[in-house]
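Here is the structure we will look at.
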Amino acid sequence: MGHPFDTVKVRLQTQNTYRGIVDCVVKIYRYESILGFFKGMSFPIASVAVVNSILFGVYSNTLQALTATSHQDRRAQLPSYTHIFIAGCTGGFLQAYSLAPFDLIKVRLQNQTESKLWPGSPPPKYRGPVHCAVTIFREEGPRGLFRGSGALMLRDTPTLGFYFVTYEGLCHKYTPAGQQPSSTTVMVAGGFAGIGSWVTATPFDVIKARMQMGCVNQRAYKGMLDCIVTSFRQEGLGVFFRGFTINSARAFPVNAVTFLSYEYLLRMWG
Ligand SMILES: C[N+](C)(C)CCCC[C@H](N)C(=O)O
């Protein structure tokens with residue numbers, strides 16, 4: 001559900017040919033058909049379970065180590081926000097590196113504007129996710145598969161701390177003492193945690209996407225600082241918030257469902 005929105009976000013962040021969300025949606029639909037929005041989706045689908053289990057598993061276990069309480073006990077007595085933040089950051093740090101290669105391939109495929117609909121248009125550079133991975137490995141070396149991972153780590157470490165603080169805080173505030181949060185509370189708290197954390201994550205998300213594109217559709221940046229300074233000089237402060245609106249529309253339902261599944265599965269098996 002979220003992927004088509006994600007494709008529009010990535011294009012707005014890395015390509016300067018679109019004037020805004022509507023222009024981008026219309027152009028993708030016109031030149032690449034509905035399928036254009038689904039480019040690069042197979043790797044995220046294959047990896048989302050592993051990446052999220054690392055994030056939520058490390059978060060829960062770190063919190064357990066810090067507070068010596070189980071998930072259920074923590075409902076009765078909310079741990080301190082500092083502990084929640086540290087556990088979220090730890091989960092974010094580790095998930096960033098497991099996500100990096102999958103995210104890189106997703107971004108490269110999402111940015112291929114070539115269309116099968118138009119006869120005579122050149123074939124895309126990458127024929128699919130595996131071909132993309134092999135080509136990056138061959139052309140840019142094994143480290144090439146982790147291009148942009150520094151920015152991804154900076155994006156995810158503190159913001160996933162805020163993510164869990166917002167989620168646990170909202171759940172706690174809207175649940176009567178001694179009870180489990182209702183499904184609606186979990187979904188609304190999860191949705192707001194998603195949007196809230198993207199407020200602070202978007203600047204590094206833009207830098208990450210630009211670094212990941214490397215020399216594919218623009219000049220290669222010398223490093224993260226060069227990418228930040230060049231983007232700012234050429235496009236102004238607004239560049240760091242590109243894609244935020246469309247990403248928020250994606251983040252609310254995605255994170256509502258993520259937290260609902262997390263709570264539901266823990267209650268079933270916890
Ligand atoms: C912390 N940060 C904002 C980077 C991500 C938080 C939400 C993660 C979720 N998988 C999503 O795609 O929305």
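What you see below is based on every heavy atom in this structure, not just the backbone, and it leaves out hydrogens, waters and symmetry mates. Note that ligands are numbered from 1 as they come in the structure, with each ligand's atoms numbered from 1 the same way. Only a predicted model underlies this, so the values are computations on that prediction, with no experimental measurement involved.
The nearest heavy-atom contact from the protein to atom 1 (C) of ligand 1 is Thr159 OG1, 3.1 Å. Of all protein heavy atoms, the one closest to atom 3 (C) of ligand 1 is Ser197 OG, 3.2 Å. Atom 8 (C) of ligand 1 has its closest protein heavy atom at Asn255 OD1, 3.8 Å. Looking from atom 11 (C) of ligand 1 to the surrounding protein, the closest heavy atom is Arg250 NH2, 3.5 Å.
Nearest to atom 5 (C) of ligand 1 by heavy atom, out of Phe204, Trp198, Phe252, is Trp198.
Near Leu160, meaning under 4.0 Å from one of its heavy atoms, ligand 1 places the atoms 1 (C), 6 (C). For ligand 1, the atoms closer than 4.0 angstrom to any heavy atom of Arg155 are 4 (C). Each of the following atoms of ligand 1 lies closer than 4.0 Å to a heavy atom of Ala201: 3 (C), 4 (C). Ligand-side atoms of ligand 1 in range of Asp156: 4 (C), range being under 4.0 angstrom from any heavy atom.
Ionic pairing of Arg75 and Glu168 is present here: one or more N-O contacts between side-chain nitrogen and carboxylate oxygen are shorter than 4.0 angstrom. Contact check on Arg108 versus Glu140 returns a salt bridge, with a Lys/Arg side-chain nitrogen under 4.0 Å from an Asp/Glu carboxylate oxygen.
The hydrophobic clustering, which links ILVMFWY residues whose side-chain heavy atoms are closer than 4.5 Å, places Ile86 and Tyr81 apart. Cluster membership check: Ile105 does not share its hydrophobic cluster with Met41, using side-chain heavy-atom separations under 4.5 Å among Ile, Leu, Val, Met, Phe, Trp and Tyr.
Val10 pairs in a side chain to side chain contact (heavy atoms under 4.5 Å, CB included) with only one of the listed residues (Gln110, Gln15, Gln212, Arg242), which is Gln110.
Ring centers of Phe240 and Phe204: at least 6.0 Å apart, outside the cut-off.
Side-chain atoms of Thr157 never come within 3.5 Å of backbone atoms of Leu154 as a donor-acceptor pair (strictly under, hydrogens ignored).
Where the criterion is an N or O separation shorter than 3.5 Å, residue side chain and backbone included, Tyr163 fails it with respect to ligand 1.
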